[in-house]
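First the structure, in the form of structure tokens, and then the observations on it.
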Amino acid sequence: MPTAKSIHAAAAQRPAKGVEPVRRVFVKSYGCQMNVYDSQRIADVAEREGYAETTKVEEADLVVLNTCHIRERATEKVYSELGKIRRLKERRAAKGRETTLVVAGCVAQAEGAEIVRRQPAVDVVVGPRSYHRLPQLLGQRRRGGAAIDAEFPLEDKFDRLPASAPAAIRARGVSAFVAVQEGCDKFCSFCVVPYTRGGETSRPAAHVLAEIERLARAGVREITLLGQNVNAYHGRGPDGRSVSLAALIAAAAAIPGVLRLRYMTSHPNDMSDDLIAAHREVGALAPCLHLPVQSGADRVLAAMNRRHDARRYLDLVARARRARPDIALSSDFIVGFPGESEAEFSETLALAREVGFASSYAFKYSARPGTPAAEMAGQIDEETKAERLARLFAALEDQRVAFNRRLVGRRLDVVFDKPGRRAGQIVGRSPYMQSVYVQGDASLIGAMAAVEIVGAGPNSLIGRLVAPASREAGLMARCERRSPI
Ligand code: SF4
């Protein structure tokens, strides 16, 4: 899954004049898109408790660090951040202002009470499946002692979370994440997710579709369906039977206002025929498939407990391309997995060259305590890992640049989401995820319009509007579809 450290910088929800709230919440999100989604929902929970969201940590009465455990030294980075917030808390206390400090997310799940032992300034520790209980935990904290909830509760948090207020949705823009599935049963030998997020669960289809309808009514036009193993989705349908991700996508595409859908992150073993066919049949489904392969060497894949081999992966790529010839493939790679030989690393390079990815994420293997791979013999030295990563990066970067260049001269549908930095410029997303810069009227923000690509950089495209698409035309085009659910 792509990871990126990000500040959860949704625009602060300023209250109406005259009803200045007394309290503010700041949520900092680390790691994957699922954490970004969770951070927004944590802000929604806090808002219901009377906290208005702020992007300035200094003015926050409630500070939430929504942590990620996936990267190397993640835990130490969280303790370092907590030290800074403790000092901020002391400065605010000197001015008579109280600050409540919450650690949420996967580090909270993994560390539990240890967090408070090492940093007593922490008031609440709450795991990724329990944050709907934040109001009770804050109440418990007020009654004395730190409040810790690092369990996997029996109830489904999604059933208990408040719906985002329309103003909050609008502040977050025209693209939104919607979690449809959480947790993982795959137990890849390098990964902590099955331990920090628990086993796979899927939200009922009706709940997901109701959330998408709310988002679309509030102006969201591009939805990414999220899950640690999103293509293992098997939510309950209205008739009690299981609904596949493909059927969920088709139903979501029929919701008025939804212009584009994406999904991530997928496991090769869960790429079903109907999901591949959806790329041919559902026009609103973006021609993108993020399908992590991790390694091109079968022995390494077996040691990773990936349960697929390189041949099966390449076969899936071929089938996806037959269904949608312009599909953009992306992947995750781990280099320097324990025991990886130079020859095995070469097989990874060869697989990358054979597929030709539009973009990818590559990481050095880093041992996560408690995972089987951390105990394996043959741990690779840092120098070798760094050297292999540099070679893989170079190959993937060449592919990305080549993919973007091939788009020059093509006409793409772009969903515009914000003004550009230059006068008269607006920015949107291509179907393939690149930012596209055009000269255009700001009234197109929130609409989809046809753009001819005239230039390509490594990360973005430059285009010009070829048809001044109206917002209504874009919306109506999608409203004629029927939901299969
Ligand atoms: S499929 Fe593997 S890498 Fe992905 S979340 Fe599950 S255990 Fe982790």
Side-chain angles (χ1 to χ4, degrees), residues 1-4 30-38 66-72 74-75 105-110 127-129 152 177 179-203 224-234 245 262-272 275 289-310 312-313 316-317 329-338 340 348 351 357 360-376 392:
M1 180 176 283
T3 59
Y30 298 83
C32 64
Q33 286 91 339
M34 194 71 149
N35 258 21
V36 174
Y37 174 83
D38 285 343
N66 192 21
T67 59
C68 168
H69 205 284
I70 214 89
R71 297 261 66 83
E72 201 173 9
T75 310
C106 291
V107 173
Q109 187 72 43
R129 286 211 171 174
F152 293 127
F177 296 125
V180 303
Q181 179 276 343
E182 185 169 28
C184 181
D185 296 336
K186 301 287 191 295
F187 290 93
C188 297
S189 61
F190 54 82
C191 183
V192 290
V193 164
Y195 311 99
T196 58
R197 292 266 178 176
E200 271 178 23
T201 60
S202 296
R203 297 175 69 189
T224 303
L225 306 178
L226 290 181
Q228 266 90 30
N229 253 216
V230 71
N231 56 346
Y233 177 81
H234 56 279
L245 182 66
R262 306 179 188 276
Y263 61 94
M264 66 169 27
T265 290
S266 297
H267 191 288
N269 287 5
D270 293 316
M271 277 316 288
S272 57
L275 185 54
L289 175 56
H290 184 70
L291 195 61
V293 65
Q294 310 297 4
S295 170
D298 289 344
R299 192 204 63 78
V300 175
L301 287 169
M304 288 176 165
N305 194 31
R306 289 290 291 174
R307 305 182 214 183
H308 63 81
D309 57 18
R312 172 163 166 71
Y313 185 87
L316 285 168
V317 167
L329 274 302
S330 57
S331 185
D332 295 344
F333 293 89
I334 294 174
V335 301
F337 188 78
E340 182 191 70
T348 299
L351 181 140
F357 291 99
S360 285
Y361 300 85
F363 306 98
K364 288 188 287 183
Y365 168 75
S366 72
R368 308 309 306 139
T371 57
E375 309 300 322
M376 285 180 185
L392 181 58

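Whatever order the structure lists ligands and atoms in, that order sets their numbers, starting from 1.
- Atom 2 (Fe) of ligand 1 has no N, O or S atom of His267 closer than 2.8 Å.
- Counting the atoms of ligand 1 from 1 in the order shown, those under 4.0 Å from a heavy atom of Phe190 are 3 (S).
- Contact detail for Ser202 and Ala232: the closest heavy-atom pair is OG-O, 4.3 Å.
- A salt bridge is absent between Asp38 and Arg129: the closest approach of a Lys/Arg side-chain nitrogen to an acidic carboxylate oxygen does not fall below 4.0 angstrom.
- Contact check for His267 versus Arg306: side-chain heavy atoms found under the 4.5 Å cut-off.
- Considering only non-hydrogen protein atoms, atom 4 (Fe) of ligand 1 sits nearest to Asn229 ND2, 4.1 Å.
- When non-hydrogen atoms are compared, ligand 1 lies under 4.0 Å from the side chain of Pro194 (C-beta onward) but not from its backbone.
- The proximity of Val192 to ligand 1, defined as any non-hydrogen pair under 4.0 Å, does not occur for either the backbone or the side chain.
- Considering only non-hydrogen protein atoms, atom 2 (Fe) of ligand 1 sits nearest to Cys188 SG, 2.3 Å.
- The distance from ligand 1 to the heavy atoms of Cys191 drops below 4.0 Å at these ligand atoms: 3 (S), 5 (S), 7 (S), 8 (Fe).
- Using a 4.5 Å cut-off on side-chain heavy atoms (C-beta onward), Leu392 and Phe333 make contact.
- For ligand 1, the atoms closer than 4.0 angstrom to any heavy atom of Cys184 are 1 (S), 5 (S), 6 (Fe), 7 (S).
- Atoms of ligand 1 lying under 4.0 Å from any heavy atom of Phe187, numbered from 1 in the order shown and given with element: 7 (S).
- Counted by atom type alone, Lys186 and Asn305 present zero donor-acceptor pairs between their side chains at under 3.5 Å.
- Under 4.0 Å is where a charged nitrogen must lie from a carboxylate oxygen, and between Arg299 and Glu340 no such pair does.
- Taking the six-membered ring for Trp, Tyr233 and Tyr263 have ring centres at least 6.0 Å apart.
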